[in-house]
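The figures that follow rest on heavy atoms only: side chains count, while hydrogens, waters and symmetry mates do not. Atoms within a ligand are numbered from 1 in the order they appear, just like the ligands themselves.
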Amino acid sequence: MARYYLTTPIYYVNDVPHLGTAYTTIVADALARYHRLRGHDTRFLTGTDEHGQKIEEAAAAKGVEVKAFVDAASAAFRAAWPPLNIENDDFVRTTERRHIEVVQDLWRKCQENGFIYEGTYEGLYCVGCEGYYTEKELTQTPAGMLCPLGTHKPVERVKEPSFFFKLSAFEKRLLDFYEKNPGFVSPESRRNEVMSFVKGGLQDLSVSRTSFKWGIPVPGNEKHVMYVWFDALTNYLSALGAPGSSLHSRFWPPDVHLVGKDILRFHTIYWPAFLMAAGYADAELPRKVFVHGWLTINGQKMSKSLRNVVEPIKLAEVFGADVVRFYLLREVAFGQDGDFSHAQLINRYNSELADSLGNLLNRTLGLCQKLRPSGAALARGAEGELEQKLAEQARTALLGSIASWDEIAPHRAIDSTWVLIRAANKYIDESAPWAEAKKASPEGTARVDAILATALETLRWISVLIWPVMPDVSTKIRQQLGMSAIAPKQGEDVLVMHWEPRSDTSGLAVGTPVFPKIDADRQAEIFTALGLSEVVAEKAPEPVKPGKQPRAVIEPASEITYEDFAKLDLRVGRVVSCERVPKSDKLLKCMIDLGEPTPRQVVAGIGKSFTPEGLVGKQVTVVFNLKPAKLMGQESRGMILAAAGESEADLALIAPEKDRPVGTRVK
Ligand code: MSP
């Protein structure tokens, strides 16, 4: 049976869990769930990185004893993940005995093999990212030399006795390894970056410090504590227990380390070199380091104040964990930088979750309730071309999802699934079971059966495909379909699916909508609950550069032909008089000159955006052949076109760009 071992970085405990750390962990969880669905023996590891100068300083700044400080901070990480539906198999802490022993053992092996030697380190060090730099690499500013990576903080000059790791000895072996294992660093652009860095030459690395105490003691020389990256990277090994233990034999080497671009070099150069030095053969090295980009928030860098409004647990409380997971995985092409935008989250929620998936579920169950209630049998035999096409689309979605998860491209896996969801909605429009039911013929009856059975089967497939990303939603959908929640078992591949249209409607349970639409009022409530109004309003996001930011995916209404469109008769008119409809704050009664012998009366729901006086004299576009209707007792013959805005008080009229004779056709 295949097995899959994947990891996130272990997070520094001088910070709290935030959207950036949640992002990597959510992707890892979804990927782990995909492998569990396939029946793979899966192990998903995360944890906390608790040693080093930075942590020691953070505890001192708070006036807390370091051990107490790291215990509390690590607990905060452990507690942050379950509310996001993250189910890791293990949580490793670098202050644990099991970890310390394995790290010291790895050190000893490197030393015995002649790759660790004693000397004096003199150079530049950034405590922020716990990294060494040469002067050439630093950013020169009037305030001094700043770290070129994440922190942009001033670096320190350090001079102290140190052990060194002979990194220079691994230049050639690393390059050979990258050549022979092109998938080791992904995406390819990152591989190129690493290879050119290594080709530029590797210097030996200082791997111990004597100027502070908060670290793992160097075996045999307790004045030194180990360089925090030697310690931290080894978590991937130590969490499996000592080499030779059962977990180690079962899971080593890791299938993938998911890491942000900030820690690329540590994982793709230092880590394999440490393992090589300890005697690991190429085939025993991690198989892949997948490097992802960074998130900004509403177009801005993640500053402390901004981070507060995207505190992951708060987001999960407001939107539901699965919605946050869906949005993050859907919005950002994994590997690229991306933006977290609340407006875009709500946009995607409304269009892709409420209007697409939610609607498919509600309308299917609604149709079943109406046309085949109380566990009616759904006879087979009347399946035709439309059904075959949808079954084919389901198979394509399944294969597309599998291929995308295998390539660690969750955004593409979601995309494949949503192509199916849209196709299923279209299928219901086209197959029109309500019309078949009206025929009251044996053929019509058989078609209704076939259509409902097909729609229910598609929903079953969808409930499986979305599970890695939205496990709770999958369960809720399956409850409404009368099915038990997905519970993957090792050795059983849930994704080996057969198309088996449903044979009856028993067990269907129409529940509350899984995705109630977020309207303008609810959005305002959400923004207030998240404290967004202040922070985002204060710092308006930078204008979106065309082509830079991914646009919202727009769900079209069902497709029409030109002939359908030509049925619409749109005309230019001019408002000649207008008044409010009594007792309504929205409706305006407009008399519109459309070139006919007398003006027409049109009642329009635009009264929150326009005053009657403001409308008189304006040109408007009117749906001229709309069937007359009565609104609050007033006859209306037509409809005025307007574009939606932020709210009902923000509509924009659609009028010709220059004055046209009244009655002119718009097409
Ligand atoms: N402790 C080290 C990692 C050691 S692994 C052996 C560390 N920790 S960290 O707390 O700073 O977490 C870094 C990781 O958090 C990044 O690599 C990335 O996975 C994630 N992110 C932190 N901020 C992020 C964004 N703004 N956007 C996306 N991910 C980010 O480095």
Side-chain angles (χ1 to χ4, degrees), residues 6-29 31 45-55 58 70 73-74 76-77 80-81 86 91-95 99 102-103 106 126-131 147 149-153 190 215-216 226-239 254 256-272 274-275 286 289-304 306-308 310-312 328-329 331-341 408:
L6 81 163
T7 68
T8 70
I10 47 170
Y11 302 114
Y12 283 133
V13 288
N14 63 321
D15 205 342
V16 293
H18 56 76
L19 194 74
T21 43
Y23 176 58
T24 320
T25 321
I26 287 173
V27 175
D29 182 74
L31 187 60
L45 174 72
T46 188
T48 42
D49 189 353
E50 305 181 14
H51 287 131
Q53 190 175 350
K54 178 162 65 174
I55 309 294
V70 297
S74 174
F77 276 92
W81 306 141
I86 290 166
F91 187 98
V92 64
R93 299 184 55 188
T94 55
T95 48
H99 172 75
V102 173
V103 177
L106 191 78
C126 171
V127 179
C129 59
E130 304 277 15
C147 165
L149 280 189
T151 65
H152 298 291
K153 295 220 170 95
R190 298 290 173 196
I216 299 184
M226 286 182 205
Y227 174 40
V228 66
W229 276 99
F230 190 94
D231 162 353
L233 287 161
T234 310
N235 85 88
Y236 305 129
L237 185 63
S238 68
V256 66
H257 295 309
L258 298 182
V259 302
K261 63 182 181 183
D262 50 324
I263 52 176
L264 164 74
R265 285 188 204 170
F266 301 106
H267 282 81
T268 56
I269 303 172
Y270 294 3
W271 179 223
F274 294 156
L275 291 168
V289 177
F290 198 108
V291 185
H292 68 76
W294 269 48
L295 294 179
T296 49
I297 298 176
N298 297 316
Q300 300 167 55
K301 238 183 113 202
M302 245 192 240
S303 65
K304 283 259 176 198
L306 277 179
R307 271 177 23 179
N308 294 339
V310 281
E311 209 248 285
L328 283 172
L329 267 65
E331 181 71 29
V332 185
F334 192 59
Q336 314 271 308
D337 289 338
D339 186 47
F340 180 99
S341 136
I408 316 187

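Annotation: side chain of Asp15 is not in contact with side chain of Thr21 (no heavy-atom distance under 4.5 Å). A heavy-atom distance below 4.5 Å is found between the side chains of Trp271 and Pro286. Val332 places none of its side-chain heavy atoms less than 4.5 Å from the side chain of Phe340. By the 4.5 Å heavy-atom criterion applied to side chains, Val70 and Arg93 are counted as neighbours. Between Leu328 and Leu19, the closest side-chain pair of non-hydrogen atoms falls below 4.5 Å.
At the shortest separation from atom 24 (C) of ligand 1 among protein heavy atoms lies Gly20 CA, 3.4 Å. Atom 10 (O) of ligand 1 has as its closest protein heavy atom Tyr12 N, 3.0 Å. Leu295 N, 2.9 Å is the protein heavy atom nearest to atom 27 (N) of ligand 1. Atom 14 (C) of ligand 1 has its closest protein heavy atom at Tyr11 CE2, 4.0 Å.
Atom-to-atom distance recorded for Thr8:OG1 and Tyr23:OH is 14.0 Å, nearest 0.5 angstrom.
Checking Tyr270, Phe266, Tyr236 against atom 5 (S) of ligand 1, the nearest heavy atom belongs to Tyr236. The heavy atom nearest to atom 2 (C) of ligand 1, considering only Ile10, Thr8, Ile263, is found in Ile10. In the candidate list Val259, Val332, Asp262, Asp262 is nearest to atom 13 (C) of ligand 1, counting heavy atoms.
Tyr270 and Phe274 have tilted rings, their planes meeting at an angle from 30° to 60° on a 0 to 90° scale. A parallel orientation is assigned to the rings of Phe77 and Tyr11, their planes being inclined by less than 30° (bins at 30° and 60°).
Counting the atoms of ligand 1 from 1 in the order shown, those under 4.0 Å from a heavy atom of Met302 are 25 (C), 26 (N). Shown in contact with Asn235 at under 4.0 Å from a heavy atom are these atoms of ligand 1, numbered in order with element: 6 (C). Near Gly293, the atoms of ligand 1 lying under 4.0 angstrom from a non-hydrogen atom of the residue are 28 (C). Short contacts between ligand 1 and His267, defined as distances under 4.0 Å to a heavy atom of the residue, involve ligand atoms 5 (S), 6 (C).
When only interatomic distances are considered, the shortest N/O to N/O separation between Asp49 and ligand 1 falls below 3.5 Å. Among the atoms of His18, none of the N or O lies under 3.5 angstrom from an N or O of ligand 1. Between Thr24 and ligand 1, at least one N/O pair is under 3.5 Å apart. Not a single N or O atom of Leu233, backbone or side chain, sits closer than 3.5 Å to an N or O atom of ligand 1.
Using a non-hydrogen distance threshold of 4.0 Å, Glu130 does not register as a contact of ligand 1. Using 4.0 Å as the threshold, Thr21 has a heavy atom nearer than that to some atom of ligand 1. The shortest heavy-atom distance from His292 to ligand 1 is under 4.0 Å.
Taking all atoms of both residues into account, the shortest heavy-atom contact from His267 to Trp229 is CE1-CZ3, 4.0 Å.
Ion pairing of Glu130 with Lys54 is absent here, as no side-chain N (NZ or NE/NH1/NH2) approaches a carboxylate O to less than 4.0 Å.
Between the side chain of Thr94 and the backbone N or O of Glu50 there is at least one donor-acceptor pair closer than 3.5 Å.
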